[in-house]
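Below: one structure, written as structure tokens.
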Amino acid sequence: MKLYNLKNHNEKVNFATAVKLGLGQKQGLFFPVELPVIKPIELSEILKMDFITRSTEILSKFIYNEISKEKLYKHVKKAFSFKHPLKIKITKNISCFELFHGPTLAFKDFGARFMAQMILSLNKENESVTILTATSGDTGAAVAHAFYKMKNVRVIILYPKGKISELQEKLFCTLGKNIKTISINGSFDDCQKLVKEAFNDKKLKESIGLNSANSINISRLLAQICYYFEAFSLIPKEKRNNLVIAVPCGNFGNLTAGLLAKSIGLPIKSFIACTNANDTVPRFLNEGKWDPKQTISTISNAMDISQPNNWPRIEELFNRKKWNLKELRFGSVSDNITKTTLQEIFKLGYVSEPHAAIAYRLLKDQLKEDEFGLFLGTAHPAKFKDTVEKILQNKILLPDELKYRINSPLLSYNINPDFNILKKFLIKE
Ligand SMILES: *Cc1c(COP(=O)(O)O)cnc(C)c1O
């Protein structure tokens with residue numbers, strides 16, 4: 001698989017290099033030179049396969065010349081070794097597609113776990129790697145669990161002390177073994193700055209084999225394409241021509257993956273790009289002006305992003321396919337409407353959470369008579385327990401995995417935002 005840098009089309013790399021680098025020169029995103037094609041006859045065969053076999057087929061179309069199908073199958077099986085997505089009926093023509101049955105209860109497990117498998121597979125035998133990453137909550141947990149107990153891999157996660165929820169902290173700071181977590185006396189930006197400093201230190205980078213595992217890695221997007229095929233396979237045949245999928249968006253990785261699925265032959269009729277009050281993209285689609293504002297804190301905090309870093313990939317895809325951006329449906333939802341929507345869904349007999357509720361709202365409001373709608377359930381309601389309990393006036397049960405983690409002791413180190421202290425840690429620990 002060849003990929004080019006969106007900021008410099010002359011920089012071309014293979015899949016292995018794109019996974020290792022994450023970003024190209026000038027922080028440019030990598031994008032596939034060629035997009036595979038799945039013809040309708042092949043599609044009907046693919047849709048009949050089980051999730052792991054089908055996902056291997058799809059991923060193999062991108063990376064067959066770098067990883068054999070047999071080998072890929074083993075990695076996919078390990079990456080997706082948790083309960084597969086479920087389709088839950090909400091109304092006559094709307095269902096939730098739950099992607100949160102992985103170890104950290106959010107859809108990010110798909111991308112993070114497949115990326116971990118790819119880093120493992122592309123690494124030379126006995127070469128040791130250090131994954132260093134900063135998190136403001138969810139990504140860190142997904143990355144930690146994805147690499148947990150992997151041989152020759154050490155994971156170091158920085159997070160701002162006191163600025164993530166107790167539940168989030170417990171989820172990844174209680175693992176131990178090859179997962180080291182450091183709370184930083186500072187902000188998320190301080191954490192990111194430390195990570196950048198480490199990557200700029202060439203000698204350090206080489207001596208400990210630094211890798212970033214960040215969220216714009218192409219391997220994550222490829223992994224996420226797979227569950228859109230699963231969603232499609234679960235829809236009754238007579239409704240498949242009229243499928244609309246509503247995606248709760250933050251960095252727009254999830255939506256990019258959905259559009260990629262469509263671009264290679266999955267006939268999804270339409271997508272709805274759903275945001276909270278951080279509505280840079282809805283405003284852009286409405287007015288044609290890219291005008292990011294200060295990021296606002298909302299109850300759907302995983303979507304509190306005003307400069308979504310996957311957007312250039314979406315524009316590139318529309319250009320390449322000669323699609324019109326006018327066909328992309330969109331909308332933004334305030335916290336107040338999110339709350340009343342959560343209550344509305346609850347009355348229908350389903351407990352949701354703020355991110356999915358935003359997608360439900362826009363889907364419900366925009367779905368046409370003859371269409372069938374899916375909204376993506378991106379996180380388990382227990383992850384946002386306090387918010388959801390307050391809005392619904394109802395107790396949320398924690399899944400067993402979380403109950404166990406809540407009662408485990410925190411194992412984090414704590415340091416000041418000082419690169420020299422971090423450097424010593426990276427060399428010694
Ligand atoms: C990360 C996240 C999102 C946003 O996904 P993107 O791929 O960044 O657009 C939405 N909901 C939840 C719960 C998330 O954790």
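We count residues from 1, following the sequence as given. Being a predicted model, the structure only gives us computed values, none of them experimental. Both ligands and their constituent atoms are indexed starting at 1 by order of listing.
Between E389 and K385 there is a salt bridge, since at least one side-chain N of the basic residue sits less than 4.0 Å from a carboxylate O of the acidic one.
Here F82 pairs with F110 under the ring-ring contact (aromatic ring centres under 6.0 Å, His included) rule; sequence neighbours left out. Among residues two or more places apart in sequence or in another chain, the ring-ring contact (aromatic ring centres under 6.0 Å, His included) test is passed with F330 by none.
Sorted by chain and number, the heavy-atom contacts of ligand 1 below 4.0 Å come from F107, K108, D138, P248, C249, G250, N251, F252, G253, N254, A302, M303, H355, T378, A379.
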Tabulate below the donor-acceptor pairs under 3.5 Å that side-chain atoms of residues 243-253 make, not counting sequence neighbours, or state none.
from	atom 1	to	atom 2	distance (Å)
N251	OD1	N309	N	3.1

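Here the rule is side-chain contact (heavy atoms from CB on, under 4.5 Å) with L29, and of N217, I216, L221 only I216 fits it.
Residue K193 places its NZ atom among 12 or fewer non-hydrogen atoms of other residues, nucleotides or ligands, all under 6.0 Å distant.
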